[in-house]
Amino acid sequence: MIFKVFYQENPDEVPVREKTKTLYIEAESEREVRQKLQGHTMNIEYIQPLEGAHLEYEKKNPDFKVLEIRV
């Protein structure tokens with residue numbers, strides 16, 4: 001399954017919507033997404049599962065690129 005992760009790059013700052021970034025990652029569950037991103041310094045705001053029409057819509061985005069991170 002593909003997940004869309006909303007995050008802030010600096011975990012020490014208060015989250016500001018304008019600084020929110022996104023990335024796409026393949027995993028079996030939200031827990032696995034968090035495990036894969038555990039070594040990265042970021043403040044995860046929200047993890048959204050993508051499937052069906054929503055996933056197809058996201059694939060049309062030029063920034064759509066699934067990260068390959070191994071646990």
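- Linking Ile, Leu, Val, Met, Phe, Trp and Tyr whenever their side-chain heavy atoms come within less than 4.5 Å leaves L50 and L67 in two separate clusters.
- With sequence neighbours left out, the ring-ring contact (aromatic ring centres under 6.0 Å, His included) criterion links F64 to Y24.
- Scored by the salt bridge (Lys or Arg N to Asp or Glu O under 4.0 Å) test, E9 finds K21 as partners (sequence neighbours excluded).
- Salt bridge status for E56 with K60: absent, with no side-chain N to carboxylate O gap under 4.0 Å.
- Nearest heavy atom pair, residue F3 against residue E30, reads CZ-N, 3.8 Å.
- Smallest separation of non-hydrogen atoms from A27 and V33: CB-CG2, 3.6 Å.
- In this structure, the side chain of K4 does not engage the main chain of L55 through any donor-acceptor pair within 3.5 Å.
- Considering N43, T22, L37, L23 as possible partners of Y7, the one that fulfils the side chain to side chain contact (heavy atoms under 4.5 Å, CB included) test is L23.
- Note that CZ of R17 is 10.0 Å distant from CD of E45, once rounded to the nearest 0.5 Å.
- A distance of 11.0 Å separates CD1 in I2 from CD in E58, rounded to the nearest 0.5 Å.
- By the criterion of side-chain heavy atoms lying less than 4.5 angstrom apart, applied directly or through intervening Ile, Leu, Val, Met, Phe, Trp or Tyr residues, F6 is not grouped with M1; the two fall into different hydrophobic clusters.
- Closest approach of V16 to Q8, counting heavy atoms only: O-NE2, 3.0 Å.
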